[in-house]
Amino acid sequence: MFWNMVKGTIYEINGPVVKVRDVKGFSISELVKVGNEKLIGEVIGIDGESTVIQVYEATAGLKPGEPVVGEGMPLSVTLAPGIISGIFDGIERPLDIIAEKTGAFIARGVDVEQLDMEKKWDAHITVKAGDKVTGGTVIAEVQESVLIMHKAMIPPGVEGTVAEAKPDGGYTICEPIITVKTAGGELLEIPMLQKWPIRQGRPYAVRRAIEKLLVTGQRVIDTLFPIAKGGTAAIPGSFGTGKTMTQHQLAKWCDADIIVYIGCGERGNEMTQVLEDFTKLIDPKSGRPLMERTIIIANTSNMPVAAREASIYTGITFAEYYRDMGYDVAIMADSTSRWAEALREISGRLEEMPAEEGFPAYLPSRLAQFYERAGLVDNLNGSKGSVSIIGAVSPQGGDFSEPVTQNTKRFIRCFWSLDRSLAYSRHYPAIGWIASYSEYFDELESWYEQNVGEEFPKCRARFIGLLQEESDLMEIVKLIGSDVLPDSQRLTLEIARVIRVGYLQQNAFHKDDTYVPLEKQYRMMQVILHLYDEAKKLVDLSMPISRLRDTGIFEKLIAIKYDVTNDRLEKLEEYDREIDSICGQLKQEYQS
């Protein structure tokens with residue numbers, strides 16, 4: 001509970017941190033309006049004499065003596081139809097509306113509604129008088145976009161009987177559509193709109209164990225390092241290794257129902273590219289614009305640092321809201337390093353004791369609070385939904401031992417390590433197969449066997465083994481060259497090259513390679529391993545590997561990703577037959 005509105009005056013300003021002295025009545029996390037321009041702020045500290053506030057807008061020109069007024073509620077977002085396709089700043093202010101009011105730059109103290117309060121939405125009311133309702137009960141359905149049916153719900157904590165339900169028709173998000181009579185006899189008018197504190201996770205009935213793959217169509221992810229629906233993953237990498245492009249591919253192709261993209265502290269030109277690309281992209285599954293199932297939060301590096309800190313909480317609250325409707329939601333946070341830098345700057349202003357590399361001592365707990373809000377759950381209304389979090393990490397100089405990367409690894413179960421050498425050699429996605437890992441595969445193994453193929457886990461294990469063996473052999477090759485290796489090990493190097501170039505490397509601009517269905521991934525693995533098995537038989541007969549290399553079969557398998565279209569997988573059987581034919585002829589020639 002929050003007290004009634006309180007008013008005080010500023011006595012100290014330190015960047016985004018403002019202090020109010022000798023005023024009691026403010027509460028932690030309370031939303032406040034700061035100064036004559038009514039800048040948005042949040043109470044983050046209270047001691048016996050002063051109240052500490054972080055301001056989400058630029059504080060230049062703010063003076064001691066200006067008023068600070070409490071709003072009597074926590075920093076919250078508005079949840080209602082109109083979020084999908086929206087582009088917001090870190091505290092849910094619509095950037096298109098701000099641009100109309102202030103131009104290209106966000107003016108201080110600009111007062112805009114978080115969502116359109118005047119637009120009428122065609123609502124189908126799903127309850128009637130006399131129905132029992134509790135938190136999460138769906139009371140209306142609104143076609144928010146062509147792809148997303150918005151389900152307006154009873155706010156958590158409200159329970160009772162429907163006393164009155166409006167007929168189907170057009171309503172604004174703040175018009176009451178039903179009236180609920182509580183057990184105490186109180187009548188509550190319920191609109192489609194909810195307010196929810198961004199730092200508080202939304203409740204659910206049961207958190208479920210991981211059970212289904214988040215299909216991305218990216219072979220190195222789906223095959224080697226999968227992420228489950230409701231899972232967490234991190235993409236760490238230095239500048240230029242493809243973090244943002246990898247997240248773009250995942251946003252476009254993963255089989256989540258809704259995408260929440262959080263540009264947290266990214267460069268302005270990079271965020272501009274995101275906004276331009278996403279508004280033009282076509283959703284490959286529906287043929288509709290991708291923005292019809294996407295929410296973008298744009299908080300660039302030159303925006304106020306405190307709003308950057310709030311942006312990821314705004315995004316995760318959006319995701320939980322749509323999860324409560326029964327949707328699978330994927331969050332792309334780019335990047336959590338910039339968010340951690342915002343924490344560090346604010347912590348320094350507060351004169352807190354710094355921990356490693358100047359980051360605050362509570363960095364691990366804040367990362368945990370974010371990533372732990374992912375999960376696959378049974379909702380309060382009986383539906384099932386999930387929130388999957390994929391966070392980019394930008395360690396300075398590519399140093400994965402720095403605090404943000406190391407602490408992130410404590411709270412995620414899927415680690416896609418971007419390799420600078422792969423990126424510089426134009427191998428994308430540049431996910432290194434030695435340093436990366438996924439802890440989800442064991443839980444998903446039965447899912448793969450039932451939905452893709454019984455041999456999928458074994459094929460994957462063999463791929464990983466061959467790549468690991470190649471890595472070990474390359475240490476020898478770098479010292480003395482490959483010519484001294486026996487043919488069995490040279491075969492391993494050849495097959496590993498086919499795996500690296502023909503399987504793990506993927507072309508985002510090729511129509512059949514940008515997204516690869518799981519069935520094709522499985523069959524490609526089988527063909528490559530079939531060549532390895534047949535070639536190994538020849539090598540065991542002491543046939544030089546150069547004879548097999550001269551047939552061109554290795555290069556032909558590398559080209560499978562382009563030559564076999566995603567709708568003609570039966571063509572892969574021709575490759576099996578060709579391998580049998582070539583190896584059979586070589587065996588016959590060698591034995592004769």
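As the structure is a prediction and not an experimental result, all values here were calculated from the model.
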Side-chain donor-acceptor contacts of residues 374-381 below 3.5 Å, not counting sequence neighbours, with atom names and distances?
unit_1	atom_1	unit_2	atom_2	d
D378	OD2	R208	NH1	3.1
N379	ND2	R323	O	2.8
N379	ND2	S383	OG	2.9
N381	OD1	S383	N	3.1
N381	OD1	S383	OG	2.7
N381	ND2	G136	O	2.9
N381	ND2	D324	O	3.0

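- In this model, a donor atom of one side chain and an acceptor atom of the other lie less than 3.5 Å apart for S27 and E30.
- The pair R523-E455 fails the salt-bridge criterion, with no side-chain N (NZ, NE, NH1 or NH2) lying under 4.0 Å from an Asp/Glu carboxylate O.
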Exercise for the section: Kindly determine whether Y515 and W253 satisfy ring pair (Phe, Tyr, Trp, His ring centres under 6.0 Å), including the steps that lead there. Expected result: CA-CA 7 Å; Y515 172 88; W253 292 105; 5.0 Å; yes
Handout entry: Residues T223, Q521; criterion side-chain hydrogen bond (donor to acceptor under 3.5 Å, both in side chains); working and verdict
Key = CA-CA 8 Å; T223 299; Q521 296 183 39; 3.0 Å; yes
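- Residues T78 and Q114 have side chains that bring a donor and an acceptor to within less than 3.5 angstrom of each other.
- A cation-pi arrangement, defined by a distance under 6.0 Å to the six-membered ring centre and an angle within 45 degrees of its axis, is absent between R93 and F88.
- Residues T514 and Q249 have side chains that bring a donor and an acceptor to within less than 3.5 angstrom of each other.
- Both cation-pi conditions hold for R202 and W196: the charged atom is under 6.0 angstrom from the six-membered ring centre and inside a 45 degree cone around its axis.
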Hey, can you pull the donor-acceptor pairs under 3.5 Å for the side chains in residues 148-158, sequence neighbours left out?
unit_1	atom_1	unit_2	atom_2	d
H150	ND1	E144	OE1	2.7
H150	NE2	Y321	OH	2.8
K151	NZ	M325	O	3.3

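- Cation-pi geometry between K409 and F415 is met: the NZ or CZ atom falls under 6.0 Å from the ring centre, inside 45° of the normal.
- Checked by atom type and distance alone, the side chain of T294 never pairs as donor or acceptor with a backbone atom of S85 at under 3.5 Å.
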Practice task
Dump the intermediate steps for ring pair (Phe, Tyr, Trp, His ring centres under 6.0 Å) on Y448 and F441, then the final yes or no.
Solution key: CA-CA 9 Å; Y448 277 106; F441 191 83; 5.0 Å; yes
Exercise for the section: Test side-chain hydrogen bond (donor to acceptor under 3.5 Å, both in side chains) on D122 and Q143 and set out the steps. Expected result: CA-CA 8 Å; D122 289 330; Q143 196 69 50; over 6 Å; no
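- Side-chain contact, Y56 with Q54: a donor N or O sits under 3.5 Å from an acceptor N or O.
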Under 3.5 Å, which donor-acceptor pairs link side chains of residues 179-193 to any protein atom two or more places apart or in another chain?
unit_1	atom_1	unit_2	atom_2	d
T182	OG1	G184	N	3.4
T182	OG1	E186	N	3.2
T182	OG1	E186	O	3.4

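- Side-chain atoms of R293 and S286 form no donor-acceptor pair, as typed in the model, at a separation below 3.5 Å.
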